[in-house]
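All remarks here apply to the structure that follows.
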Amino acid sequence: MAGLPLEGIRILDHTIAWAGPQGTVVLADMGAEVIKVEALFRFDALRYFGLRYAKQKEKFWEHSPWFIQVNHNKLGVTLDLSQEKGKELYLRLIKISDVVINNFTPRVMPNLGLDYERLREVKPDIIMVSMPGYGCTGPYTNAPAFGDCINAFCGLDEITGYENGPPLRPGIAYGDPTGGFAAALAVLSALHYRFRTGKGQFVDVSHFEASTRHMDWLLDYALNARVRTRMGNTDDYAAPQGCYPCKGHDQWVAISIVSDEEWNIFCEILGHPEWSQGPRFASFASRQEHRDELDKYIAAWTISLDRYEIMEKLQKRGLAAAPVLYPGELLKDPHFVARGFFEESEHPCGGKKLVPGMIAKMSETVCRIRFPAPLLGQHNEYVFKELLGLTDDEIAALSEASVTGVEPQFRT
């Protein structure tokens, strides 16, 4: 077996919350040495997420499930870049790194005196990736943004909801992981360009643009001047389509029929082949017109059956169907178990847990969760002592001055 795909690449990671860490964890999983840089007085806010009554937990900042999930395979250091000594150490790290990435608003790094031009002076072929919500140019460039803002701005909220109802927030902040994966792809592209030319570059990634390009309804509007309406669980290319109740408490199955041929097969399975011939349901247009009535008939069939049983019946005949699973059920689903998607990871504060694993399986390299998300400042000694050659006394002095350390400082 060869080494990991990105082995030998070092990335300084300033990203926070979900979007940036989702991108850099992909690179870490593929073998890059990702060093997560935080400050004692302003660490990654994702350390708070998913914790109720956070400050009642001992070292609450080490318990966030979200943080643990998107920061495994990374090293963690603390460094105050507002202090001159912190900047000096940071620039020494730049000299031995390949990529630096952040998802701050574009003014943050220049205000610290650490913009791309300054970093290039230290390492001419450095790749700097900036991934603010709206990109590094334009009237919104310095506006802070989270995934929920991007959901609204790119139009996702506008098309989510039920007919004649208001816009609805989707179940996740879709703009965050979309921006994260776009940034990971941009890093790989910039690394390949540097491999060919020897040149680094500045990379501007906008979550807003990364999300908007997935909004297929924009092209429909551009070509056909049609405005997509809110359709709940339905869509304009399938009928019937929706989530239907199954046997048991709050159990559901998703079914989607996209052609008359599939509809004929579905009618056989339902035990009503005559529906495929009758005027109310025979054609796609008529099924769309009588969708609500048809959904009631389908629900009367699904309610007496197990959701996995329905999935098997339909999938054997080539129809799209899947059970609606809850988080704990995903861990036990036989398909995920067979593929080994969920991996066991042991975190010092969280114990052994099954967490989502790699985004791809490769025949020549084995990517896996090698170590859990870092504790605050966990790898200070490795980075400052082994990589930069600082002495124990120098590291102690840095800690005394709060340039680095392992205990957060909560400023009032």
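The basis for the numbers below is simple: all heavy atoms, side chains too, and nothing from hydrogens, waters or symmetry mates. Residues: numbered from 1 along the sequence shown.
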Scan for ring-ring contact (aromatic ring centres under 6.0 Å, His included) pairs involving residues 147-176, sequence neighbours excluded, and state none if there are none.
Tyr134-Phe153, Tyr140-Phe153, Phe153-Phe208
Taking ring-ring contact (aromatic ring centres under 6.0 Å, His included) as the cut-off, I'd like each qualifying pair that reaches into residues 293-321, sequence neighbours left out, listed once.
Trp275-Tyr297
Could you note down all residue pairs passing salt bridge (Lys or Arg N to Asp or Glu O under 4.0 Å) where residues 31-43 supplies at least one of them, sequence neighbours left out?
Arg10-Glu33, Lys36-Asp44, Glu38-Arg47
Please, which pairs that meet salt bridge (Lys or Arg N to Asp or Glu O under 4.0 Å) have at least one residue in residues 111-126, sequence neighbours excluded?
Glu117-Arg120, Arg118-Glu121, Lys123-Asp125, Asp125-Arg194
Pairing residues for Asp392 by the side-chain contact (heavy atoms from CB on, under 4.5 Å) criterion, not counting sequence neighbours
Lys385
Which residues share a side-chain contact (heavy atoms from CB on, under 4.5 Å) with Ala173, sequence neighbours left out:
Trp18, Asp148, Asp176
Just distance, no hydrogens or angles: give the donor-acceptor pairs under 3.5 Å from side chains in residues 335-354, sequence neighbours left out.
residue: Glu343; atom: OE1; partner: Ile369; partner atom: N; Å: 2.9
residue: His347; atom: ND1; partner: Cys349; partner atom: N; Å: 3.1
residue: His347; atom: NE2; partner: Ala373; partner atom: O; Å: 3.3

Once salt bridge (Lys or Arg N to Asp or Glu O under 4.0 Å) is applied, do any residues pair with [X], and if so which ones, sequence neighbours excluded?
X: Glu7; answer: none
X: Asp204; answer: none
X: Arg213; answer: none
X: Glu329; answer: Arg307

Please tabulate, for side-chain N and O atoms in residues 393-400, each donor-acceptor pair with protein atoms closer than 3.5 Å (sequence neighbours left out).
residue: Glu394; atom: OE1; partner: Thr391; partner atom: N; Å: 2.8
residue: Glu394; atom: OE1; partner: Thr391; partner atom: OG1; Å: 3.4

